[in-house]
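Scroll down for the structure; my scribbles are underneath it.
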Amino acid sequence: AYAEATRTKFRSSPEKGSLAALVAAYRASSDYRLIPSATTRANYSRYLDMIVADHGHRSVKGIRPFHVRKIRDGMLDKPGKANNWLNVFRTIMN
């Protein structure tokens, strides 16, 4: 399990079609680079890092609305965090 975790976490480039690859593409896009506020960009970065760390190995094609709700519901004790995470996730999926 450790070998698999480190292989996934420290891969030089994310696997094509994964959420990690989608996040990398978003970070390279003008949409991300042109966010006018450095604070907003830092907040987005925090949630993008969370998405990669927790779900980066997952296939974008396999994500369904109930998966997103389940992840969001795991943060119900912190509704602001859940809403911000959902906003960033929605942004990368668009």
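By convention here, the first residue in the shown sequence is residue 1.
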- [ ] With sequence neighbours left out, write down each residue that passes side chain to side chain donor-acceptor pair (under 3.5 Å) with Asn43, or none if nothing qualifies.
- [x] Arg46
TODO: Report the residues that fulfil side chain to side chain donor-acceptor pair (under 3.5 Å) with Arg27, sequence neighbours left out, ordered by chain and then residue number.
DONE: Ser45, Asp49
Under the side chain to side chain contact (heavy atoms under 4.5 Å, CB included) test, which residues partner [X], sequence neighbours left out?
X	answer
Ser29	Tyr26, Asp31, Tyr32
Ile71	His55, Met75, Trp85
Arg64	Phe66, His67

- [ ] Nearest 0.5 Å please: distance from the CZ atom of Arg58 over to the OG atom of Ser18.
- [x] 12.0 Å
TODO: State whether the side chain of Arg41 and the backbone N or O of Ile35 hold a donor-acceptor pair below 3.5 Å, judged by distance alone.
DONE: yes
Task: Nearest non-hydrogen partners of Ile63 and Ser59, listed with the distance - done: CG1-O, 3.4 Å
Which side-chain N or O atoms in residues 86-94 pair as donor and acceptor under 3.5 Å with protein atoms at least two apart or in another chain?
from  : atom 1 : to    : atom 2 : distance (Å)
Thr91 : OG1    : Asn87 : O      : 2.9
Asn94 : ND2    : Arg90 : O      : 3.3

